[in-house]
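The sequence lines fix the lettering, A, B, ..., with proteins before strands; numbering per chain opens at 1.
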Amino acid sequence: MANDRLQACPEQSSSSVSSRCFDNHGIRGSPTSTVIGPSKHRHSTLGDPNFVENYFKNSRLHFIGTWRNRYRNRFPSLSNGFTKSHSNVSAGTQKTPIIHIDMDCFFVSVVIRSHPELNDKPVAVCHSDNPKGTAEISSANYPARDYGIKAGMFVRDAKSLCPQLVILPYNFESYEEVADQFYNILHKHCNRVQAVSCDEAFLDVTDLEGKDPQLLASAVRKEISEATGCTASAGIAENMLMARLATRTAKPNGQCYIHPERVDEYLDQLPIKVLPGIGHGLAEKLKNKNVRTCGELRLISKDSLQKYFGIKTGEMLWNYSRGMDNRLVGMIQESKSVGAEVNWGVRFRDLQHAQHFLLDLCKEVSLRLQGCGVQGRTFTLKIKKRRKDAGEPAKFMGCGDCENLSHSTTVPLATDDIEVLQRISKQLFGSFHIDVKDIRGVGLQVSRLESADTSRQAPERNSLKSWLMSASASSKQQFDINRIAKECVDSEGKSVGGNSGVLRIASVENSVHETNNAPNGEGGSNQSSSVPPLCHLDMGVVENLPSELLSELNEIYDGKLVELITKRKVQGDKSTGSACFFPPEPAQVAVEEAERSRNSASVSLRRTALEMKGTQHILEELRMVPDSEARPDSVAISTAGLENNDLVPSSLSQVDTSVLQQLPEELRADIFEALPAHRMPEGTALGPRTDNMHPPLGIKTATDNQPGSTDSGLSNNLWIGDPPLWVDKFKVSKLSTLNFFVDMYYKANSAESLSSILQCIIAESLHPLNARCDAWNEAIHSFSELLMNYIKLKIVVDIEEIYVCFRLLRRLSTKSQFFLEVYNLVFPHLQASVDENYSGTLHIPPIK
DNA sequence: ATCCTCCCCTAC
DNA sequence: TAAGGTAGGGGAGGAT
Ligand SMILES: Nc1ccn([C@H]2C[C@H](O)[C@@H](COP(=O)(O)OP(=O)(O)OP(=O)(O)O)O2)c(=O)n1
Ligand SMILES: [Mg+2]
Ligand SMILES: [Mg+2]
């Protein structure tokens, strides 16, 4: 099982160590590369078109942060065996001897080997030797530490403490090699090794059989030193905490055993800051309570510690201050998240620039997911935003004092696809509404991971990608709204053209970013050829697009779109404002009314209304934007790309609409969803707009492989025909339950989508299905078969439809025993089918 | 109670 | 000039 990871290790993502070569041969002739600024910011995002890759290549923190994943791939068998070391669960007092071992001043030791003459001189590893510089010391040897030099210090401070300090450059390849030697030796001597970092591990030496742990420690240290030319120190104690502390005492090049009976004595005067887990924050808080040493900490009751610091933290403090630690030495466990972030050198010129950077980050994360053999469902975008009062940071190109913001979204099916990541990230990014000039750091994290065990992903023809790309796959959303809106639009027959037109444009724009080879100085000049003139757009629809989409679109039209909307608002007033989303049109009152009873359509409306009341609040926020910046043009740079020109309301109706466009994220998600966005009209046998989304990418559309592939084994499908076979079959059935479905079919206007029919069933206030009538089991069987036929028919072409149906079914199952049994019966079949076609699990969220 | 999102803290 | 990443633990507070 663990070997699954072996094959799932394609090319590595950017790394200081891996030999991966990204071909940068100027593929991306983005504007950034042509406008090489006045070399001032050669190493910021300004001026380096390949910033992300170069940055990670040189980052020490990236190196140590990603080391664990490399270790996983190098020793797959050790990643996930039986989890914990052994069964000894006696809390608190274990008799298990533990060794903690850690290389001495690792980065220095490794590179100093080629400079033996420096051995007792103060030496540090750092990118820069500039005595006025703000480069950070990565590691300092022990002579250097005598001067007070520490890791993390600016080189200028280190130099001022010790002017003769010798600076050596990094050598990440060597660090990796030595780390490998280190772990090979550890594994040779002990089968219970918990890797902490590239230079540090715990050994559980319970099964030593008479041998002295201290002798083992010195043997291991000796071997390491001889093999690598670098020294290690070791701590030996009865638990991990004390072993870790013993190592600290042992350094450098020594070892230390702490006898259980001497633990109290050892801890009594020890500053609490030294305990692993107590960092700056906790130490400060404790200092305010007059606690500086472990002895003082012990005087506080567990209750008050837990009240003040929380259950777990309080307990940890109480235990650690007594030298108690019940953790067990364990294997590396499967990772729970994968991410990448950059908080140095981030200075964006404009929205395009920021988005280009985001695309690179997504590429990085996608590669890392693949490197780990996992896919994820929730995506978190982190932004560091310059704090209002903060000026230029002390550290060159640093992020300085920032607010840390994060937004996340969850999709129903795990993915590692770069384009999906990019689409999702872009949407998340839009939801921050931040002036890109205030951005000092960006990170993307993926969690809710699932193993991507089936190495070959689903065939390209399936509809997964376009669905996840469509942004309507965000899990908080209710898909029936989507349907209602769709039916509404369809039945009116108007604005359908306008709608899909809009969507197509947005999609084209999307792909333009990815294939923008031709350097087209700034604007969207080359796009205009493929984009309909402004006057052809259905403004009613445009106006009500979610702001991210609107801003994308606005870019294409050079900001004219927003101008136009603004003008319309001034004269036209609110009538278009809300009429378009949930119009109480007569045509679909039936459906809508049914939905309104308990579905989120009404919830959304309610929320919208609520939010409107909070207008004041939002307006205040908006008003601050112009204040916080000196420049008039900065407005156009904000991520939302929305015009804030007319922030100061001149009338109430105007307030309403501007609020609508600045709606909070989740609300806009609802609105977004209300648009029939990415779905093609029913009946088109097309794989949903894959072709529209990415014309230049050459993704095969379902039309390309029409008759052959889709047709396989569907000849007897109950959904073939007009009306579908099942209609006639059920019509003549003696089972009233089946007759009922036929009624619903016609009530849904002979819709060929099951979801429409299920909608109608939900709308039916009385379910005859509750009564255990005639041949109950036979009815269940027949309907289940119908359902499975439907899955077979749609699973490849339109997985979203399947998803929608199962959400509806799940809802029905709470009210009807019939549907509950059907749901439970067919659900395993659904998952098997999803796994076969998409190698994953489709997550059907619980009903709200 | 348990989950989820948005944080902060910690270690290397 | 300089490369302030990464992942897990956990708390607060809200939704279910
Ligand atoms: N703030 C930090 C901490 C660590 N490291 C890198 C350099 C270190 O050499 C390596 C290992 O970290 P240690 O905490 O083990 O520190 P050293 O090995 O350098 O010194 P010690 O002898 O205290 O273990 O990680 C870093 O770049 N920046
Ligand atoms: Mg070390
Ligand atoms: Mg270490």
How is [X] classified with respect to the nucleic acid when contacts are heavy atoms under 4.0 Å: base, sugar-phosphate, or nothing?
X	result
A:Arg156	nothing
A:Ala151	nothing
A:Gly133	sugar-phosphate

Contact under 4.0 Å: [X] side-chain N or O vs [N] OP1/OP2:
X	N	result
A:Ser447	C:dA7	no
A:Lys384	C:dG4	no
A:Arg68	C:dG5	no
A:Tyr170	C:dA3	no
A:Asn343	C:dA3	no
A:Ser408	B:dC6	yes
A:Arg72	C:dA7	no
A:Thr380	B:dT5	no
A:Thr378	B:dT5	no
A:Arg60	C:dG4	yes

### Task
Over all heavy atoms of both residues, which pair between A:Asn253 and A:Asp104 is shortest? Give the atoms and the distance, please.
N-OD2, 2.8 Å
### Query
Starting at the 5' end of DNA chain C and moving along, which residue's nearest nucleotide shows up first, A:Gly339 or A:Lys132?
A:Lys132
With [X] via side-chain hydrogen bond (donor to acceptor under 3.5 Å, both in side chains) - residues at least two apart:
X	answer
A:Asn130	none
A:Asn171	A:Ser174
A:Glu341	A:Asn343, A:Lys382
A:Lys150	none

### Query
Under the criterion side-chain contact (heavy atoms from CB on, under 4.5 Å), which of A:Leu168, A:Asn141, A:Val166 is the partner of A:Val108?
A:Asn141
#### Entry: More than 12 heavy atoms from other groups under 6.0 Å of CZ on A:Arg248
no
Whole-Å distance separating the [atom1] atom of [X] from the [atom2] atom of [N]:
X	N	atom1	atom2	result
A:Phe63	C:dT6	CZ	C1'	13 Å
A:Ile167	C:dA3	CD1	P	11 Å
A:Arg70	C:dG5	CZ	P	16 Å
A:Glu334	C:dG8	CD	P	10 Å
A:Tyr55	C:dA2	OH	C1'	9 Å
A:Leu428	B:dT5	CG	P	12 Å
A:Phe154	C:dA3	CZ	C1'	13 Å
A:Lys382	B:dT5	NZ	C1'	14 Å

### Message
Within the 4.0 Å limit for protein heavy atoms, which parts of nucleotides 7-12 of chain B are touched? Write it as a string from 5' to 3', B for base, S for sugar-phosphate only, - for none.
### Response
SS-SSB
Proximal nucleotide (of [options]) relative to the [X] side chain:
X	options	value
A:His62	C:dG8, C:dT6, C:dA2	C:dT6
A:Arg368	C:dT6, C:dT1, C:dG4	C:dT6
A:Thr410	C:dG5, C:dA2, B:dT5	B:dT5
A:Ser59	C:dG8, C:dG5, C:dA2	C:dG5

#### Entry: Residues which pass side chain to side chain contact (heavy atoms under 4.5 Å, CB included) with A:Arg387, listed by chain and number, not counting sequence neighbours
A:Asp389, A:Ala390, A:Asp401, A:Glu403
### Query
Looking at residues at least two apart in the chain, or sitting in another chain, which of them share a side chain to side chain contact (heavy atoms under 4.5 Å, CB included) with A:Gln306?
A:Lys302, A:Asp303, A:Ile311, A:Glu315
### Query
Ring centres of A:Tyr183 and A:Trp67 under 6.0 Å apart?
yes
Donor-acceptor pairs under 3.5 angstrom involving side-chain atoms of residues 131-140 of chain A: please list them, not counting sequence neighbours.
unit_1, atom_1, unit_2, atom_2, d
A:Thr134, OG1, A:Phe396, N, 2.9
A:Glu136, OE1, A:Arg60, NH1, 3.2
A:Glu136, OE1, A:Arg60, NH2, 3.3
A:Glu136, OE2, A:Lys395, NZ, 3.4

#### Entry: Neighbours of DNA chain C within residues 306-315 of chain A, by heavy-atom distance under 4.0 Å
A:Phe309, A:Gly310, A:Ile311, A:Lys312, A:Thr313
### Query
Considering only the C1' atoms, how many Å lie between B:dT10 and C:dA3, rounded to the nearest integer?
23 Å
